[in-house]
Visitor: 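Let me begin by handing over the structure; questions about it come next.
In this text, all values refer to a predicted model and were calculated from it rather than measured experimentally. Within every chain, numbering begins at 1; the chains are lettered A, B, ... in the order of the sequence lines, protein sequences first and strands thereafter.
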Amino acid sequence: MNEATAVLPPNVGWLLLALFSALWIGLGIYWGRRNKSFEDHALAGRNVGLALGSATAAATWITSNTTMLAPQFALELGVWGMLAYTTASFGLFLFAPMAVRIRKLMPAGYTSGDFFRLRYGRGAWSIFMVFTLFYSLTWLVSMAMAGGILLQALSGIPYVWGMSVILGVCVLYTMRGGLAAVIGTDFIQSLIIIVGIVVVGFAVLGNVSVEQIHTNLAETRPALLNVLFPAAIMAIFNNLLFGLGEVFHNNVWWSRAFAMREGVGGKAFALGGLIWFPIPIAAGFIALASGALNVTVPAADMVGPLVVADVLGEFGAIAIFIVVFCSLASSIDSLLAATSDLLTEDVYRKLIRPAASPARLKSVAQYVTLALGVFTWAVCLPRIGTLASVLFFAGPLVGSMIWPIVTGLYWRSANATGAVGGMLLGAGAGLVCYFAIGWYVATVIATAVSMVWVLACARMSKSRFDWARLGEAE
Amino acid sequence: MALVTSPVLAATPQFDGGPTVSTEAGNTLLAWQSDGPVRLELASDDAFSDARVIYAGSAHSYFLSGLADGDYRLRLRTQDGGTSPSLTVSVRHQSLSRALWLVAIGAFVTLLVIGAVLRGARDE
């Protein structure tokens, strides 16, 4: 991607950035005015309903990757690549019943760290914390960095300014409004993203038929239509399991499960998955249409904006700028809130100050959010391109946590030996395969190795976990 | 300085990197240096007997994807007849049998995860 591909004048970009920044900060302050305690701040008073719950699940999962990487997947790996990206929706579909279980077993829980500590003890909790912080911080850094790069590519706004503004805005409204502000802004952001993608999809279809797209691909990029395209078919389950691992373990999703009203979580995550499912298909379809529309693609990660700007002109360029800004903000705010809650609850409250008052915990969570923002900004400032790719190392880490979590929630025979061994062996084997073979096998191997160990340990275990112990979280 | 503005140099575009690029996924990012607009041609033989123009314009990069197994030749041509040395893109897709094995493992693990979650939810 380069600045020569900017589809908007910088002054229009700055105007849009200022308008949406003011809107999110204003709403964050408004929604945060009722937060008095840590529970209000971290879990929105455990009173989130179905509409907000579904929207926040979908919006958080629509990252800049969904709007930018899904077209890239389609352009590189064809129809299978596009479908491989959509498999990430399985994470939300399968987390739906798990959210019901989590809410039932841990009615007073705060974080996914609480689950690991109470279910498997300190050893497994420590490994979980290392894995999840690595994943969360690299995701946060990659999103903030993508924000600066994308705003520069779309409108010519300098990288440092774009990255600083988007990160600063998210830190401000997350600090002030907590999860209520995050979920509220997610609701608006999800509506904007969905309308934007639908308008763009129909606009593309109005300019070129599916038959023309197929003919063009068959002539110029035949492998993209090949049902036995090796790299593409390998990506399907690797991507699916990466998505499951991300959703199953991360506090972004657990905090929402705790925050939703009883009986809401299952429906909200399933609906969120349904809302999310067509987004990468629409985004990927746009990329596949690039050849038939005669749009030149100088870099794979710019295919989405270039096609949209070509089809819809300046209106399309404004739409894609807003969609990208919303998809970045909806993920950065969620990561800031969930990671800050994890550090406040699992480290400050459980290890440093168990007797801290609710007001004190809220204040600590706000400072942790600010510290996370400053840390992320400092890491992103030098714009080291390879940093964003570190997120791909997280595939084996998150894949290795799938089975300890699933069996830990449903099987009384699941035990700490299985969880610790599953995470360490799975992540180790996955990372070895990552370097020895390639990224497309890492998560599959990590999950498979972890599964064998966890299932074997559960099978041989004579201990039976008392579910009531999970209710001790408070 | 006179050399920099020499019409001979200005007319000869160059691909970045070496003369051969290998890919296992049928895609690669082509980048080049040129002083003006170029036409990017793709052919299946050294003589460029079946060359077709896949890009024409002033950009300095092009993302090529969806190529089947084979060796492809590319060259850049300018309006005044300057032609770059050719670039060979060698496409050898990964082993299909290995890919299918990995798909089978991934499908098996995924089905077990789905089964464990749905059975757990049903038994609640």
Visitor: Indicate yes or no: at least one non-hydrogen side-chain atom of A/Asn226 is less than 4.5 angstrom from one of B/His93.
Guide: no
Visitor: Given the options A/Pro97, A/Gly291, A/Pro230, which has more heavy-atom pairs under 4.5 Å with chain B than any of the others?
Guide: A/Pro230
Visitor: Answer with side chain, backbone, both or neither: which region of B/Leu42 has an atom nearer than 4.5 Å to a non-hydrogen atom of chain A?
Guide: neither
Visitor: Taking side chain as everything from C-beta outward and backbone as N, CA, C, O, which of these in A/Leu240 sits under 4.5 Å from a heavy atom of chain B? Side chain, backbone, both or neither.
Guide: side chain
Visitor: Taking side chain as C-beta onward, heavy atoms only, is A/Thr296 less than 4.5 Å from B/Tyr62?
Guide: yes
Visitor: Does A/Trp467 have more than 12 heavy atoms from other residues, nucleotides or ligands lying within 6.0 Å of its CH2?
Guide: yes
Visitor: Return the CE to CG distance between A/Met234 and B/Leu102, rounded to the nearest 0.5 Å.
Guide: 6.5 Å
Visitor: Does any non-hydrogen side-chain atom of A/Phe248 lie less than 4.5 Å from one of B/Val113?
Guide: yes
Visitor: If you count heavy-atom pairs within less than 4.5 Å of chain A, which of B/Ala116, B/Ala59, B/Ala121, B/Ala107 leads?
Guide: B/Ala107
Visitor: Side chain from CB out, backbone as N, CA, C, O: work out which of these in B/Leu64 comes under 4.5 Å of a heavy atom of chain A, or both, or neither.
Guide: backbone
Visitor: Are A/Val303 and B/Phe63 close enough, and set up right, to give a side chain to side chain contact (heavy atoms under 4.5 Å, CB included), and what steps lead you there?
Guide: CA-CA 9 Å; A/Val303 60; B/Phe63 187 72; over 6 Å; no
Visitor: So for A/Leu217, is it side chain, backbone, both, or neither that comes closer than 4.5 Å to the heavy atoms of chain B?
Guide: neither
Visitor: Compare all side-chain heavy atoms of A/Thr220 with those of B/Arg52 and state whether any distance is below 4.5 angstrom.
Guide: yes
Visitor: Any side-chain heavy atom of B/Asn27 sitting closer than 4.5 Å to one from A/Leu75?
Guide: no
Visitor: Heavy-atom pairs under 4.5 Å with chain A - which of B/Ser65, B/Gly26, B/Gly120 has more of them than the others?
Guide: B/Ser65
Visitor: Rounded to the nearest 0.5 Å, what separates atom CG in A/Asn294 from atom OH in B/Tyr55?
Guide: 11.0 Å
Visitor: Heavy-atom pairs under 4.5 Å with chain B: which of A/Thr447, A/Leu241, A/Leu244 has the most?
Guide: A/Leu241
Visitor: Could you look at A/Leu228 and say if it's the side chain, the backbone, both or neither that has a heavy atom under 4.5 Å from chain B?
Guide: both
Visitor: Taking the side chain as everything from C-beta on, heavy atoms only, tell me whether B/Val103 gets closer than 4.5 Å to A/Ile236.
Guide: no
Visitor: Indicate yes or no: at least one non-hydrogen side-chain atom of A/Arg221 is less than 4.5 angstrom from one of B/Leu67.
Guide: no
Visitor: Given that the side chain runs from C-beta out, which part of A/Leu409 has a heavy atom under 4.5 Å from chain B: side chain, backbone, both or neither?
Guide: neither
Visitor: Can you tell which part of A/Tyr440 gets under 4.5 Å to a heavy atom of chain B, answering side chain, backbone, both or neither?
Guide: side chain
Visitor: Heavy-atom pairs under 4.5 Å with chain A: which of B/Leu118, B/Leu112, B/Ile105 has the most?
Guide: B/Leu112
Visitor: Enter the distance from B/Thr110:OG1 to A/Met451:CE here, rounded to the nearest 0.5 Å.
Guide: 9.5 Å
Visitor: Determine whether A/Tyr410 and B/Arg119 make a side-chain contact, defined as any pair of heavy atoms from C-beta on separated by less than 4.5 Å.
Guide: no
